[in-house]
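What follows is a set of notes on a single structure, which appears directly below.
Proteins come first, then strands; the chains are lettered A, B, ... in the order of their sequence lines, and each starts at number 1.
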Amino acid sequence: MADSSSTTSPFFDEVYRVVQNIPRGYVATYGQVAALAGSPRAARYVGFALHSNPDPSLTPCHRVVFRDGSLSPGYAFGGPERQRELLEDEGVCFKMPRTQENAGAPGWVVDFDKSAWQA
DNA sequence: TGGTTGACCACTA
DNA sequence: CTAGTGGCCAACC
């Protein structure tokens, strides 16, 4: 009941639900969220769903990062540096990749070895 | 109204 | 090992 006015498809709804289920201090990848949503190849739409971001307070996009550990280039919270602070403030560990050019953030990527979230 | 793009990942050759 | 393509859905013009 309570249709929750879900005009979006169940896939998008699952994406929001999975992202909201990410515990504080951990991060998940687009592919992981997509797989949990029911489509391991729909990672593109996970990012699109987060861009839609109907509830930024309920959908911590900053906890969703690339498979490389880098952050989204078009972050809509205030900047990649802002996202790094948010994650660090939550206890997420960061590390410096071998190639800074690979990092959307200024030379910092999430350390999946410590902060990788597992459903 | 329809067509194209878009915060990506995994698989195949 | 590297390179290239496909897939999936919604929103925008």
Side-chain angles (χ1 to χ4, degrees):
Chain A
M1 331 236 262
D3 61 12
S4 305
S5 62
S6 21
T7 52
T8 50
S9 195
F11 176 74
F12 267 55
D13 193 24
E14 282 293 305
V15 172
Y16 297 127
R17 186 155 305 187
V18 172
V19 174
Q20 291 166 19
N21 267 290
I22 299 172
R24 175 177 164 285
Y26 286 91
V27 292
T29 64
Y30 288 98
Q32 178 140 16
V33 175
L36 294 173
S39 293
R41 309 277 165 56
R44 296 175 80 185
Y45 313 102
V46 174
F48 220 42
L50 296 179
H51 189 201
S52 182
N53 210 351
D55 296 302
S57 58
L58 299 176
T59 311
C61 317
H62 62 271
R63 286 184 192 159
V64 185
V65 298
F66 286 139
R67 202 54 166 107
D68 296 334
S70 56
L71 310 179
S72 167
Y75 191 55
F77 276 81
E81 292 184 27
R82 180 62 177 171
Q83 185 175 11
R84 186 176 72 80
E85 284 191 6
L86 290 172
L87 293 173
E88 269 194 327
D89 184 56
E90 293 186 350
V92 175
C93 295
F94 276 78
K95 68 179 191 177
M96 178 150 320
R98 295 169 187 174
T99 54
Q100 295 183 346
E101 299 177 272
N102 185 12
W108 284 101
V109 295
V110 177
D111 186 353
F112 286 106
D113 186 46
K114 294 182 179 179
S115 300
W117 172 60
Q118 41 184 288

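Between B/dA10 and C/dA10, the distance separating the two P atoms is 22 Å to the nearest Å. Straight-line distance between the P atoms of B/dA7 and C/dA3: roughly 23 Å, to the nearest whole Å. Separation of the P atoms belonging to B/dT1 and C/dC9 is 22 Å when rounded to the nearest angstrom.
Distances shown here put every side-chain N or O of A/R44 at or beyond 4.0 Å from the OP1 or OP2 atom of C/dA10. An OP1 or OP2 oxygen of C/dA10 is reached within less than 4.0 angstrom by a side-chain nitrogen or oxygen of A/S9.
Counting only residues at least two apart or in different chains, salt bridge (Lys or Arg N to Asp or Glu O under 4.0 Å) contacts with residues 40-66 of chain A comprise A/R63-A/E90.
For the segment residues 14-42 of chain A, the set of residues with a heavy atom within less than 4.0 Å of an atom of DNA chain C comprises A/R41, in numerical order.
By the 30° and 60° cut-offs, the orientation of the rings of A/Y30 relative to A/F66 is tilted.
In this structure, A/Y26 contributes its side chain and A/Q118 its backbone to no donor-acceptor pair below 3.5 Å. Formation of a donor-acceptor pair under 3.5 Å by the A/D89 side chain with backbone atoms of A/E85 is not found in this model.
For the pair A/D68 CG and B/dA10 C1', the computed distance is 13 Å after rounding to whole Å.
For A/F48 and A/A43, each mapped to the nucleotide of DNA chain C holding its nearest heavy atom, the one lying further toward the 5' end belongs to A/A43.
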Completion exercise
Given Watson-Crick and G-U pairs under 3.5 Å, DNA chain B in dot-bracket ([ ] crossing, | other strand) is .|||||.||||||
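Counting non-hydrogen atoms of neighbouring residues, nucleotides and ligands closer than 6.0 angstrom, the CZ atom of A/F11 exceeds 12 such neighbours.
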